[in-house]
Structures are given as C-alpha cells and as structure tokens.
Amino acid sequence: MSQLGTATRPLRVAIVGSGPSGFYAAEALFKSKQQVKVDMFDRLPTPYGLVRGGVAPDHQKIKNVIRVYEKIAKSEHFAFWGNVNIGRDITVDELKQHYDAILFTCGAETDRRLDVPGEDLPGSYTATEFVGWYNGHPDYRDRNFDLSGKVAVIIGQGNVAMDVSRILAKTRKELEDTDIADYALDALARSNIEKIYVIGRRGPVQTKFTPPEIKEIGELEDCDPVVRPEDLALNDASRVELDAPESNHERKNFEIMREFSTRPAPTKRKRYYLEFLLSPVELRGDGHLQQVVFVKNRLAGEPFNQWAEATEEKITLDCDIFFRSVGYRGISIPGVPFDQRKGIFPNREGRIIDGDSPVPGMYAAGWIKRGPSGIIGTNKPDSQATVEVILSDIETLTPCAVPDSDPLRQLLRERKVRVVTFADWQRIDAAEVERGKSKGKPREKFAFVEEMLALLD
Ligand code: NAP
C-alpha cells in the first residue's frame, strides 16, 4: 500500500463547505509538507459561504478577502464541486469511497429560536432569512417581508442584529451602490419603518457588537440613534467589567453609546432605539404580529458571568415586524454525528466524535466545529488547527477504496446533478459583475440556482 501524502498517492481530502473555514483549511493543507488533493463541495453553485451570503452588502471591503480564496482555488491540486449537496446528492459513505479524510466546514446555516408563544406569527422572522434575502441567497430569494408598518423590533445585540437593523435604517442612496439584491433594494426603499428597536436581554456593557458597527449607527443619513442616559447606569459588576484592561471593545462601545445619549432630540425620519435588560416572553397578534410582551430583567452573577434574571415587571410594545437575531446553529448531515443541543458536529480538536470515540477520517472546522462565533479571520487559525490534527493522523488513516474523483463525477452525472466547477463559477461571477455595471453596483447576483445553471449551459 502506498503511503498517503506522497507524490504517487496524495492525501485525498474532501472539504464540505466553501466558506472561509473551508478555504483556510485548503490553504493549510497545501502549505503542508504532504502532497494533498482537495475537492471542495458546496450545495450552492457559488463559493465563499457567508462572505457572499452573509456579510452585509454595505460592507464591501470585508468581501475583498475573496481575492485570497481565489488564489487558493488556483492550485492545481484544488477542484470546486459546486451545486452538490452532500447527504442528498451523494451520501457521506459514498464520499468516503473516494477520500481519505472528509473535513466538514459547512457552517451554522440555521437560527436559534427564542421558544416563546407567538414566535411563528406572520410578521415574525429570523435574521438568517432576512440576511439571506437581501444578499440574494437562493434559499431566501422568495421570502416576502412586510415592511408596510412603522415599528421593527430586533432581538439580540450582536453584529448580525447590527447588520439587520442598519439595512432597515438606511436610505436607498446609502444602499444602491452595494451588491444588495435589486428586489431587496426596491422593497427597502418602499419601507415605512420609522422606529427600529434593537433589544438586548442584558446591559450595555454586555453587548456583543463591535465598535465600528455601533459607530456606524450614529452616522446614518436619515436615522438618529436614541439611547436614554439612565439606561447607561451600571451595577457594580458591570462597572468592574467595563474597567477591566481586557474590555477595550466594551469601553469603546460604551463610549459610543454614551455619545449617542448626549445628542439633541432626534430630527431624522427614522429612530434607532437601543434597549437593554428586556426579554421577549410573548408575541401577540390576531393573524399577524401586533405586540411584543417583554419581561424586564436585572443582572445577576459575578463580573464577566452576569446573566439576565427576570423580574415581575412586564412591558408591551406595539410592533409590526420582528426579527430574532440570537445566534445560529448548524444543520445535521445524514451519516455524521450531530450535537442537537449545541447545533455543531461533536468533535475533539476537530476530530468528529461519536459518543467518546473519534469517527475515523472525519473532521470539522469553523462554525460547525466551535459554534457561531468570531469574525472571518477567526476561522484561519481554527482551520489550521484542524488541518494539523488531520496531518498528525495521516499514518493511521485508512486509505479510501477508490482514490479517484472521476467515478464520483460519473455518479453525479447519472444522478442528473450538474457539477459547477471553479471555471463555471468564474463565468457566473463575470456575468454578475457585468449585470451590476449599468446600475453602478459591484455586481447584481443571480439569486436563483436555475438562472446560474441556465447561464452555464
Ligand atoms: P452573537 O454575537 O453571539 O450575538 C447574539 C446576541 O443574541 C447576543 O446579544 C445575545 O445575548 C443574544 N441572545 C442570545 N440568546 C438570546 C435569547 N434567548 N434572548 C435574547 N437574546 C439572546 O451572534 P451574531 O450576532 O449572530 O453573530 C455571530 C458571529 O458573527 C459573531 O461572532 C459576530 O461578531 C460575527 N459577525 C461579524 C460581523 C462583522 O464583523 N461585521 C457581522 C456579522 C456577524 P447574550 O450576550 O446575553 O447571550
């Protein structure tokens, strides 16, 4: 048996998911001393995961990281297999026939729930679907968001809540030169939303957003931020948190919010309210959301470990559209162990485990490994760490039965799955950029898979 990782028998790795963690893993594999062949699968015909479908359209600079991924994709040892759904078009067992290791970098595709009555009333949505919709993600292209009312409530104070609320707050002018989907731009330009509430269950020191994101809220063309000075009064534990040397972000956030609280009375058409220490306990409405009932919280616990403790006091807010933005969860794939509680693939240092035992040849990196945390760059060391683990296992990996991708390609052809190669994607990419030109946008995305495939064939 030839040794894995050599020129005669390169290590064959299937990477499932073409977002940042997938590309950083491919990069780390190529930089290793071993000979490696990477086939990267994505259920969409388009690569780049959240960089394409998650990063806000008005944050174009963040998307420049794609240039790094394009370089990695140029490797002669790399192939992109777009439009292939692992678990549906081919099973994990079938994949195992052709790869010595499978590395899952499929992210956290769905949202966490609040589990309160009325959560599924019309008018109540998830940040996931709204973000996907304005970003032209095929899964969410068909969603309709009723923006005819005046009051929007967003639950959660992380960067996704910042994105959702900022997009609701911006004018057409502020969005029209971005790569926002044209249907979303039109719908948002017609929106009647005037009051945007971004609501946290804990206090202003425990917000999860980062300073540049909250700063932007104070610079909007037709929306004023509103923070009541009394809401910035801190308990002793929060004061300790704020004064701690490691709390740079928190101090900057707090300073920005303090500046908001000293501004004169708002005059712009839209108002952006930051509210704290409130948890939704019920969504009410007769056939459509009309009100949200909140319980007031107080903070309990030690500094850096404070949680929201409900009081007896409740308040009710009239609300026309509601978004929960309280974090993401991964989705299971048949044939791979899944931790239902955490929404990740259970793993030890990236080795997927079933109970206590590692599943031979199966690995995870990115959000499906550690949960939905960190910025794009956080995935680089995370993926490198999993790759180190794969390489340290190389001696013990069972070589796959058929070290060749062609039979797999043939199998997919028989199953009428149109594999989208990297060269195909580049044609889609060029066509999108071309479509955007006349509108002054970096690109106009194709939001239907059928449109993309029609362009290719
Ligand atoms: P996140 O940063 O974890 O924020 C989640 C928010 O939801 C927190 O405020 C959390 O409050 C709250 N929450 C959770 N469960 C709740 C519940 N049951 N009731 C009420 N509130 C609840 O998650 P995210 O905003 O989804 O972002 C995910 C990751 O992507 C983050 O690391 C984020 O920084 C990153 N991201 C970055 C950018 C950017 O760099 N521009 C943009 C988007 C996303 P507690 O703190 O009390 O749990």
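First listed ligand is number 1; within each ligand, the first listed atom is number 1. Quantities reported herein were computed from a predicted structural model and do not represent experimental measurements. Numbers for residues simply follow the sequence, beginning at 1.
Ranking protein heavy atoms by distance to atom 32 (O) of ligand 1, first place goes to Gly374 N, 2.7 Å. Scanning all protein heavy atoms for the shortest distance to atom 5 (C) of ligand 1 gives Ser325 O, 4.1 Å. Considering only non-hydrogen protein atoms, atom 22 (C) of ligand 1 sits nearest to Val326 CG1, 3.3 Å. Protein heavy atom at the shortest distance from atom 12 (C) of ligand 1 is Gly156 CA, 4.0 Å. Regarding atom 8 (C) of ligand 1, its nearest protein heavy-atom neighbour is Lys208 CG, 3.7 Å. The nearest protein atom to atom 4 (O) of ligand 1, hydrogens excluded, is given as Gly158 CA, 3.5 Å; this is a heavy-atom distance.
Contact analysis leaves Ser279 out of contact with ligand 1, as no non-hydrogen atom separation drops below 4.0 angstrom. At least one heavy atom of Pro372 sits closer than 4.0 Å to an atom of ligand 1.
Using the six-membered ring where Trp is involved, Phe30 and Phe78 have ring planes that are perpendicular, over 60° apart on the 30 and 60° scheme. Ring geometry for Tyr24 against Tyr69 counts as perpendicular: the plane angle is over 60°, on a 0 to 90° scale with 30° as the lower cut. Classified by interplanar angle (parallel below 30°, tilted 30° to 60°, perpendicular above 60°), the ring pair Tyr197/Tyr273 is parallel.
Ligand 1 has no nitrogen or oxygen under 3.5 angstrom from a nitrogen or oxygen of Trp367. Not one N or O of Ile375 is nearer than 3.5 Å to an N or O of ligand 1, by distance alone.
Every atom of ligand 1 with a heavy atom of Ser373 under 4.0 Å away is listed here by number and element: 32 (O). Here is the list of ligand 1 atoms found below 4.0 Å of a heavy atom in Glu213: 39 (C), 41 (N).
Classification of Asp182 and Arg435 as a salt-bridged pair fails, no side-chain N sitting under 4.0 Å from a carboxylate O. Ion pair Lys74/Glu70 not flagged as a salt bridge, since none of the NZ, NE, NH1 or NH2 atoms sits closer than 4.0 Å to an Asp/Glu carboxylate oxygen. Between Glu432 and Arg52 there is a salt bridge, with a side-chain nitrogen of the basic residue lying less than 4.0 Å from a carboxylate oxygen of the acidic one. One finds a salt bridge joining Glu109 and Arg43 here, because a Lys/Arg side-chain nitrogen approaches an Asp/Glu carboxylate oxygen to under 4.0 Å.
Distances from atom 6 (C) of ligand 1 to the heavy atoms of Arg113, Arg324, Glu216, Gln157 show the closest one on Gln157. When Ala161, Gly327, Ala308 are ranked by how near their heavy atoms come to atom 23 (O) of ligand 1, first place goes to Gly327. Nearest to atom 25 (O) of ligand 1 by heavy atom, out of Val160, Leu50, Val198, is Val160. For atom 15 (N) of ligand 1, the choice among Arg201, Arg112, Arg202, Gln206 with the nearest heavy atom turns out to be Arg201. Of the options Ile199, Asp163, Leu114, Asn159, the smallest heavy-atom separation from atom 37 (C) of ligand 1 is shown by Asn159.
At a cut-off of 3.5 Å, with distance as the only test, no side-chain donor of Ser21 or Asp382 sits close to an acceptor on the other residue.
Under 4.0 Å from ligand 1, not a single heavy atom of Met162 appears.
In terms of the salt bridge (Lys or Arg N to Asp or Glu O under 4.0 Å) criterion, Glu312 has no residue partners (sequence neighbours excluded).
Nearest heavy atom pair, residue Lys63 against residue Asn135, reads NZ-OD1, 4.2 Å.
With ring centers used as reference points, Tyr328 lies under 6.0 Å from Trp367.
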